[in-house]
Amino acid sequence: MFNDFNLSDDEIIFLFEKYKPLILKASSINFKYDEDLNQEIKEYLFRVLTKGRKRKN
């Protein structure tokens, strides 16, 4: 779905806020919130959403 998107940091933060309930739900193990899992999910999403972005040197 987001294969060649070149999203800015602000756009990614907006998506994190918009999908916060879903990310929180996915960050639960046995109905307990896992902060490390939440961070891993966000880090993975950030990596995928910025895949086409050119890096600054």
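From a predicted model like this one, the values you see are computed outputs, not experimental measurements. The figures that follow rest on heavy atoms only: side chains count, while hydrogens, waters and symmetry mates do not.
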One should read off an interatomic distance between L37 CG and K32 NZ, to the nearest 0.5 angstrom, of 14.5 Å

Side-chain donor or acceptor of D34 paired with backbone N/O of D36 under 3.5 Å: yes

Indicate yes or no: at least one non-hydrogen side-chain atom of E17 is less than 4.5 angstrom from one of F14.
no

Query raised in the report: Cluster question for you: counting only ILVMFWY and a side-chain heavy-atom cut-off of under 4.5 Å, with indirect links fine, are Y19 and I12 together?
Result: yes

With a 4.5 Å cut-off on side-chain heavy atoms, are F46 and D9 touching? yes

Output for pair (F16 CZ, L49 CG), nearest 0.5 Å, gives 6.5 Å

Is there a donor-acceptor contact under 3.5 Å from the side chain of E11 to the main chain of S8? yes

Within the supplied structure, the quantity of interest is the number of heavy atoms (other residues, nucleotides, ligands) at a distance under 6.0 Å from Y33 OH; does it exceed 12? yes

Could you check whether any side-chain heavy atom of S27 comes within less than 4.5 Å of a side-chain heavy atom of I23, counting everything from C-beta outward?
yes

